[in-house]
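Below: one structure, written as structure tokens.
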Amino acid sequence: MASMTMRTFVGFLLLMILLTLMPESIAQDAAVALKASLLTNYDKTLRPVKSASTVVNVDFDVSLRQIIELSEKDQIFRINLWLRVYWNDEYLTWNASEHGGVDSLSIHSSDIWKPDIFLFNNIGEETYGNIEAITDVTVTSTGRVTHLQPTIFISACPVDITRFPFDKQECILEFGSWIYTGNKLNMSFVNPEAERSYVTPNVEWILNGAPMIRKVDIYPCCPEPYVTILLVLQLERRSFYYMFNMVLPCIILMILNVFGFYIPPDSGERLGFFMTILLALVVFLQVLSGSLPKTSTTTPQLGRFFANTIALVGFSCLASIVVIRLSYSGPASRPLPRWLRLLLLRYLARLFCMDTIAEEKHEDEEKAVVYNPFHKENQTNQHRNTTNFELDVSQNLRHIQLKLVRCSREYSAPARPKQEEEADQDEWKMAALVLDRALMFSVGLASIVVCVTLLRRNGQHEDLS
Ligand SMILES: *[C@@H]1O[C@H](CO)[C@@H](O)[C@H](O)[C@H]1NC(C)=O
Ligand SMILES: *[C@@H]1O[C@H](CO)[C@@H](O)[C@H](O)[C@H]1NC(C)=O
């Protein structure tokens, strides 16, 4: 009795197992049979259409994975992406309910017809742009074929470095069929923009967008149109590296260059200081030019910035030589030329609020040199003047009187006392001081202008677009 129940139980169990496995095995058999029947007499070199005039519509989609590199020097672009290509195969259709409910099959991609999609601007040597099928395709019962596969492309990408390091580059990947014209194989994109949600961020480039464009070309060889899909990768350089490692030190050197004019001309350090800055900048320029393509068609913005800075520092060297020459006053017997005195001790000194010191010198000079009839009156004036008007008058008087002093001095040049020579030397030194201040301000201003115009992020770009 017990063995009887045991046997029925085992039998029942076996039946259950068989029942659960049955549809699977039937389906698997059906799939094998279906595949065999589909692929017998299948010619994979012909387009899968029953009427020769039917167009095969290939839908093209891309998911971006990683921008591997964009080399400015070699103008080579390497990218890893997933291709998704869909088309209809009229010979790979079946009625699912007649084939054990099998509604999709995976077939080795070399067993069926595939669109011969090439990357036209490929420069990888092994494949010549052919997208070799390395994965299987899936086919549904309606004949829809889906081919998904990962690929790494090496393509040419012209890099325009005019705005380096604030440049934006557009690398275009051009996909199309090599042998079929647009009348036989029509390509179109599924989404107007490539999928970007799985992109690994690149350390050097930001991917701003990846639109797709459908393009129809007619080549001189053949009258029929050829359809290609352009995948435009809009890249923007991350400029922080260059700002931090090159621009920042350069700006510091620029500031030092401005304050170099603060070193007293007769300390002997000054020229060496400027030369050191110049050398440091040349070294920076060398580093920069090593990382850029050697083009002569355009100069990168950063290069122009460096060149301008070098020009500024070079100018500082030259100006410094002039100032040092001035402060050593030259032949002791020569007074400061009239135009220089006017330019430096009058206008520039006034501009840089140094006229009080300059005036002081004049007063010294005037006391030392000649007797002057206004002197007394001046002093008495000073004792009792209370109104601005009177001050003005006294100022004007002083100017006239200074002129007189100068004239008389120039005429009585041959017999000059020692005191006068010293006064002249002082005047030369004073001129050097004023010139120094003027140079410091103008070099500072020029530095600011260079920084503002050449370190702008998107000034020119907006004009172009
Ligand atoms: C598929 O086959 C079933 C059963 O033979 C039939 O009823 C159905 O109409 C067929 N479907 C198509 C789309 O031909
Ligand atoms: C090709 O595809 C485009 C867009 O999908 C469509 O507008 C065009 O009519 C198609 N051409 C042919 C010949 O089917």
Side-chain angles (χ1 to χ4, degrees), residues 22-42 45-64 81-107 112-121 131 137-148 172-195 209-233:
M22 267 266 277
E24 286 273 314
S25 60
I26 286 171
Q28 195 58 26
D29 284 348
V32 171
L34 174 62
K35 198 162 161 183
S37 78
L38 285 175
L39 293 181
T40 47
N41 299 326
Y42 185 94
T45 59
L46 293 178
R47 289 187 309 130
V49 284
K50 285 175 177 155
S51 150
S53 59
T54 314
V55 180
V56 178
N57 280 303
V58 173
D59 289 327
F60 189 81
D61 196 15
V62 169
S63 171
L64 300 172
L81 43 84
W82 287 357
L83 284 183
R84 296 169 181 158
V85 185
Y86 311 91
W87 68 93
N88 283 323
D89 191 320
E90 291 182 5
Y91 292 106
L92 298 179
T93 56
W94 67 92
N95 186 336
S97 54
E98 283 175 359
H99 290 89
V102 177
D103 57 0
S104 78
L105 274 181
S106 67
I107 303 178
I112 63 163
W113 179 89
K114 290 185 312 299
D116 63 327
I117 293 175
F118 273 69
L119 173 68
F120 284 1
N121 54 351
I131 299 166
V137 298
T138 50
V139 187
T140 62
S141 58
T142 56
R144 187 75 171 161
V145 186
T146 305
H147 186 208
L148 313 172
I172 298 174
L173 301 179
E174 187 173 3
F175 297 96
S177 166
W178 197 269
I179 58 168
Y180 296 113
T181 62
N183 302 330
K184 301 233 166 68
L185 191 151
N186 193 10
M187 281 185 79
S188 47
F189 46 77
V190 181
N191 299 311
E193 176 114 358
E195 189 181 15
M212 287 204 257
I213 301 166
R214 184 173 178 274
K215 195 174 76 147
V216 180
D217 279 324
I218 293 175
Y219 291 103
C221 72
C222 338
E224 284 94 9
Y226 280 86
V227 180
T228 51
I229 299 283
L230 305 184
L231 172 61
V232 184
L233 293 156

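Just follow the structure's listing: the first ligand is 1, and inside any ligand the first atom is 1. Numbering of residues begins at 1 and proceeds along the displayed sequence.
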Where do [X] and [Y] come nearest, in terms of heavy atoms and distance?
| X | Y | answer |
| --- | --- | --- |
| W113 | W87 | O-CZ2, 3.3 Å |
| E174 | T228 | OE2-OG1, 3.5 Å |
| G182 | V55 | O-CG1, 4.1 Å |

Does the protein come close to atom 14 (O) of ligand 1 - that is, does one of its heavy atoms sit below 4.0 Å from that atom?
yes
Flag: protein heavy atom within less than 4.0 Å of atom 9 (O) of ligand 1:
no
Ligand 2 versus R214: contacting region, heavy-atom distance under 4.0 Å:
side chain
Starting from [atom], which protein heavy atom do you reach first, and at what distance in Å?
| atom | answer |
| --- | --- |
| atom 4 (C) of ligand 1 | S97 OG, 4.2 Å |
| atom 2 (O) of ligand 1 | N95 ND2, 2.2 Å |
| atom 6 (C) of ligand 2 | N186 ND2, 4.1 Å |
| atom 5 (O) of ligand 2 | S188 CB, 3.4 Å |

Would you call the rings of F175 and F60 parallel, tilted or perpendicular, where under 30° means parallel and over 60° means perpendicular?
tilted
Using 30° and 60° as the class limits, which term best fits the ring planes of F118 and W178: parallel, tilted or perpendicular?
tilted
Go through the side-chain N and O atoms of N191 and R84 and say whether any donor and acceptor fall under 3.5 Å apart.
no
Could you tell me, atom by atom, which parts of ligand 1 come under 4.0 Å of a heavy atom of E98?
2 (O), 5 (O)
